[in-house]
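Down below is the structure, laid out as structure tokens.
Just so you know, these numbers come straight off a predicted model, no measurement behind them. Throughout, a chain's letter reflects where its sequence line sits, starting with A, and its residues are numbered from 1.
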There are 2 protein chains.
Amino acid sequence: MSSVLGEPKGKGASYSKRKLEVFKAAAKLFNERGFNNATMDDIAATLNVTKPALYYYAKSKDEILFEIGSIALGEALLLLENIFTEERTAADSLHLFFVSWTESICQEFGRCMVLVKPELLGPESRKRSKFSRRTIHHHVANLIQIGISDGSIRPCKPDLISLALFDLFNGIAYWYQEDGLLNPTEIANQYWCNFGQGLLEN
Amino acid sequence: MSSVLGEPKGKGASYSKRKLEVFKAAAKLFNERGFNNATMDDIAATLNVTKPALYYYAKSKDEILFEIGSIALGEALLLLENIFTEERTAADSLHLFFVSWTESICQEFGRCMVLVKPELLGPESRKRSKFSRRTIHHHVANLIQIGISDGSIRPCKPDLISLALFDLFNGIAYWYQEDGLLNPTEIANQYWCNFGQGLLEN
DNA sequence: TATATTACTTACTGGTCAGTAACCAAATTA
DNA sequence: TAATTTGGTTACTGACCAGTAAGTAATATA
């Protein structure tokens with residue numbers, strides 16, 4: 001068993017580096033064409049190798065998808081575990097998190113995590129993927145609860161609003177284009193301002 | 001050429017009724033397993049018929065997907081064209097629309113429209129589907145602009161906020177369950193209240 | 001009562017694609 | 001310099017699956 005980011009037994013740094021290139025090419029094609037419409041031959045072709053070469057780095061197409069998701073989810077979780085500090089309001093921490101989240105889901109791995117649903121994975125991988133997602137949701141719901149307590153967030157249902165915030169920001173992954181008017185940080189800030197302050201006059 | 005909802009040449013009402021049953025069964029499976037993982041055999045099985053029977057109602061799997069999307073998009077567009085009236089603010093019209101939209105995307109056809117991306121369609125169908133989606137976006141952006149003018153909506157970028165609102169509400173389609181705590185109308189109203197009034201204390 | 005239409009069926013085909021077996025050349029190591 | 005490891009290659013297989021050809025039984029129609 002290799003850890004998600006560590007180097008597998010007996011293989012060195014150059015192996016890991018190449019593996020990441022392979023995964024990145026895969027993620028890009030999954031995002032552009034959908035998981036099922038991106039073939040292993042397609043992925044290999046963009047790397048100028050032949051299909052069997054890919055099996056040197058992953059033992060199945062599903063494993064590639066799972067590991068891509070694990071990397072993105074792992075990074076988000078790490079961020080989330082360290083973002084809370086007494087020095088700022090929970091609302092500000094939440095803002096910081098969703099800016100980072102948006103930056104992540106506008107890159108290949110993060111985007112793949114959002115676009116390609118865990119339903120495509122096998123039973124075991126699906127369970128682990130869903131568990132990670134739930135953990136992240138719980139962290140955010142907690143942060144919202146803290147925000148209500150410290151007076152930086154209006155009273156609301158933390159679980160539902162956590163869902164809503166991910167719904168809001170994840171949507172960006174579906175339409176974001178690198179050559180668009182706004183970069184991910186700007187989009188996230190705009191979303192945060194508008195929905196944070198409220199859309200409606202009252 | 002049959003119109004999306006009308007009865008095709010020479011076929012009666014019972015044909016159309018059965019066709020809708022077939023499409024509904026297809027939509028349900030597309031939503032549960034994803035378009036590529038739901039086979040024509042699977043769809044046929046849930047209807048207790050064999051695969052070729054399906055081709056009596058649609059000439060390809062792609063056509064089923066396209067028509068499901070057309071029905072859902074057509075209904076939304078119809079609603080949107082009739083929702084604006086001088087008797088209420090644009091903000092209230094927008095609220096009404098997104099409640100209806102949420103109810104739609106929590107049913108099989110609407111959900112299918114959100115979950116299954118137009119990238120899976122052939123070139124011509126994809127173009128038509130994307131055009132419908134853009135039209136709907138423009139209508140909503142217009143309504144937001146009217147809301148800014150009539151003073152019911154805070155100044156913002158209507159195009160971006162239209163995107164954001166669809167991002168927000170479409171997310172519901174990914175996690176909604178019929179046996180959950182809240183029904184679609186309640187979820188939509190909660191989302192509207194929280195994001196309409198603003199999440200943050202200030 | 002002959003004819004046509006409706007709503008299917010059984011049996012099959014052809015293409016696509018994930019994954020494998022076996023081999024190889026260049027670099028590294030003993 | 002022999003042996004091993006690394007990072008591939010060519011050639012193949014087997015399963016799956018959309019779509020088709022041809023037939024049929026029941027119902028409606030003329």
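- Side-chain proximity of B/Ser14 to D/dA18, C/dG19, C/dA7: nearest is C/dA7.
- Under 3.5 Å, the side chains of A/Ser129 and A/Arg133 contain a donor-acceptor pair of N or O atoms.
- Relative to the side chain of A/Tyr57, the nucleotides D/dA18, C/dA18, D/dG8 differ in distance, and D/dG8 lies closest.
- Here D/dA18 presents its C1' atom at 20 Å from CZ of B/Phe66, a figure rounded to the nearest Å.
- Rounded to an integer number of Å, the gap from A/Arg33 CZ to C/dT16 C1' is 15 Å.
- Of the inter-residue distances, the one linking B/Arg33 atom CZ with B/Ile43 atom CD1 reads 9.0 Å to the nearest 0.5 angstrom.
- Among the nucleotides C/dT10, D/dT10, D/dG7, the one closest to any side-chain atom of B/Pro52 is C/dT10.
- You'll find that the side chain of A/Tyr56 is closest to D/dT6, out of C/dC8, C/dT20, D/dT6.
- Comparing C/dA7, C/dC8, C/dC17 by their closest approach to the side chain of B/Ala53 singles out C/dC8.
- Side-chain N/O atoms of A/Tyr174 and B/Asn170 include no donor and acceptor closer than 3.5 Å.
- Atom OH of B/Tyr55 and atom P of C/dC12 are 19 Å apart (whole Å).
- Taking only side-chain atoms of B/Tyr15, from C-beta outward, the nucleotide of C/dA7, C/dT20, D/dG8 with the closest atom is C/dA7.
- Within 4.0 Å of B/Lys51, counting heavy atoms only, lies at least one base atom of the nucleic acid.
- Nucleotide C/dT16 holds its P atom 12 Å from the CG atom of A/Asp41, rounded to whole Å.
- With rounding to whole Å, B/Asn36 atom CG is found 20 Å from C/dG15 atom P.
- In this structure, a donor-acceptor pair under 3.5 Å is absent between the side chains of A/Arg18 and A/Ser14.
- The side chain of B/Thr39 lies closest to D/dA18, out of C/dA18, D/dA18, D/dG19.
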